[in-house]
Amino acid sequence: MASEKHSTINEFILLGLSAAPHIQAHLFGLFLEIYLLTMAGILMILVVIRADSHLHTPMYFFLSHLSFLDICFSSVTVPKLLENLLSQKKIISVKGCLTQIFFLIEAGATEVCLLAVMAYDHFAAICHPLLYCQLMSNLLCKRLVWGSWSLGFLNALLNILPAMNLDFCGHDSIPHYSCELPSLFPLSCSHVSTSFTVLLSSSLLYGLGTSFLIFYSYARIVSTILSISTSSGRSKAFSTCSSHLTTVLLLYDSAFLRYFMPTSGSPLELIFSIQYSVVTPLVNPLVYSLKNNGVKAALKRTLKKYLHY
């Protein structure tokens, strides 16, 4: 009887952000605009980096991969959110839910690893400028990027395998607009201890591990910047790091709070999820285009080139 009961749950209901039709219509317009602006901003950065030879450096090589990750982050959740805002039945299959969780964890884990790599790149550029080309060779940069992707895939695989063995029965409503692993635990009628332990351990390992690397890199960077004699030199060095620090703070604050707070269906969970999966991908292109002199100069050169033609 138990197995028959478990097999009845083949899909979940995503309760989303609001049940009121007029509010859903406004939310659809808002999130569609955000998604289109996000895609436009990210594609602009990718085109500029590829087209301008001045940006063919390790820093912008990492930035192009970060931008692609932002596309993945936003595309994992927002299209399904838009579909549900227009649909009467806001459902997602169990397999679809687990697939969304897999790619969300992979994108998140890869991004925190890549942010740690970018912190090291800033450390090498500011603290060891004469050795920078040796420290950040093309081969090392490629290895660091593919290492980040591989670690992200490994983290997603470790988390999704125990989740695939969970049985779901009884409640089928998720008080969220997307599938996230913590939201599935209250719906499971089987033991979640293994999946919960893996999620907690991997979150601590990836989150705190990359946080330590970023903190150590910036501690050395700040020490080096303070030793620079000219104020213009210090200002230039700080401006190089400001975009990266903004991205780190936006992602880490919301993701840590979401995955380390108990699942309760609180509106705060929705807010934190929206921040790291919707707002951060939107803000990153703005941060890197408006605060980065290299990207601004390259954008002007690219526009001038295409307008000339």
Side-chain angles (χ1 to χ4, degrees), residues 42 45-46 48-70 107-155 205-252 280 283-285 287-299:
I42 292 173
I45 286 183
L46 291 175
V48 168
I49 291 175
R50 185 173 181 83
D52 197 297
S53 60
H54 295 85
L55 301 186
H56 294 174
T57 64
M59 175 181 174
Y60 297 104
F61 174 68
F62 297 137
L63 176 57
S64 64
H65 279 270
L66 180 67
S67 299
F68 180 74
L69 272 169
D70 284 333
T110 303
E111 185 151 337
V112 296
C113 291
L114 190 59
L115 288 173
V117 168
M118 294 175 74
Y120 174 74
D121 176 62
H122 289 317
F123 159 76
I126 294 173
C127 300
H128 302 286
L130 298 179
L131 299 174
Y132 179 71
C133 292
Q134 298 178 27
L135 291 174
M136 301 303 297
S137 64
N138 288 335
L139 179 60
L140 178 61
C141 291
K142 291 178 181 178
R143 286 177 175 175
L144 289 172
V145 164
W146 290 118
S148 298
W149 280 99
S150 300
L151 288 172
F153 177 82
L154 176 62
N155 186 34
L205 178 62
Y206 279 75
L208 296 181
T210 54
S211 295
F212 173 78
L213 293 174
I214 292 172
F215 177 81
Y216 177 78
S217 296
Y218 274 102
R220 297 288 301 274
I221 288 171
V222 170
S223 176
T224 300
I225 289 176
L226 293 177
S227 66
I228 297 176
S229 57
T230 62
S231 59
S232 60
R234 289 194 297 269
S235 177
K236 183 178 179 181
F238 273 121
S239 66
T240 301
C241 303
S242 60
S243 301
H244 178 259
L245 280 174
T246 302
T247 301
V248 169
L249 292 174
L250 283 172
L251 177 64
Y252 275 69
T280 299
V283 172
N284 280 350
V287 168
Y288 277 98
S289 60
L290 296 178
K291 299 186 69 174
N292 189 296
N293 292 329
V295 172
K296 286 192 290 185
L299 181 59

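These numbers come from the heavy atoms of this one structure, side chains and all, not from hydrogens, waters or symmetry mates.
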Test ring pair (Phe, Tyr, Trp, His ring centres under 6.0 Å) on H56 and Y60 and set out the steps. CA-CA 7 Å; H56 294 174; Y60 297 104; 9.6 Å; no
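- Between Y120 and F123, the ring planes are tilted. Angles from 30° to 60° get that label.
- For the pair S64 and L46, the tightest heavy-atom approach, listed with the atom from each and the gap, is O-CD2, 3.4 Å.
- In this structure a side-chain-to-backbone donor-acceptor pair under 3.5 Å is present from T210 to G207.
- For the ring pair (Phe, Tyr, Trp, His ring centres under 6.0 Å) test, no residue two or more places apart in sequence or in another chain qualifies with Y206.
- In this structure, the separation between CG on L115 and OG1 on T110 is 11.0 Å, given to the nearest 0.5 Å.
- A donor-acceptor distance shorter than 3.5 angstrom exists from the side chain of S67 to the backbone of L63, with no hydrogens or angles considered.
- Atom NE2 of H128 is separated from atom SG of C133 by 14.0 Å, given to the nearest 0.5 angstrom.
- Between the CG atom of L151 and the CG atom of L114 there is a distance of 11.5 Å, given to the nearest 0.5 Å.
- With D70 as the fixed residue, the side-chain contact (heavy atoms from CB on, under 4.5 Å) test singles out one of T247, I42, V283: I42.
- When all heavy atoms of T280 and L251 are compared, the pair lying nearest together is OG1-N, 4.4 Å.
- Shown here for Y132 and P58, the closest heavy-atom pair between the two residues is OH-CB, 3.4 Å.
- Contact record, A119 with S217: O-CB, 3.7 Å, taken as the closest heavy-atom pair.
- For the pair N155 and A109, the tightest heavy-atom approach, listed with the atom from each and the gap, is ND2-CB, 3.3 Å.
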Report the C-alpha separation of M136 and M59 in whole Å, then their side-chain angles, then the decisive distance to 0.1 Å, and conclude whether the side chain to side chain contact (heavy atoms under 4.5 Å, CB included) test is met. CA-CA 10 Å; M136 301 303 297; M59 175 181 174; over 6 Å; no
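- Scanning both residues, F62 and M118, for their nearest heavy atoms gives CB-CG, 3.6 Å.
- A donor-acceptor pair under 3.5 Å is formed between the side chain of S227 and the backbone N or O of T224.
- Classification of the W149-F68 ring pair by plane angle, with boundaries at 30° and 60°, yields tilted.
- Remark: the H244 side chain and the Y218 side chain contain an N/O donor-acceptor pair separated by less than 3.5 Å.
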Take L213 and V117 through the test side chain to side chain contact (heavy atoms under 4.5 Å, CB included) and record every step on the way to the result. CA-CA 9 Å; L213 293 174; V117 168; over 6 Å; no
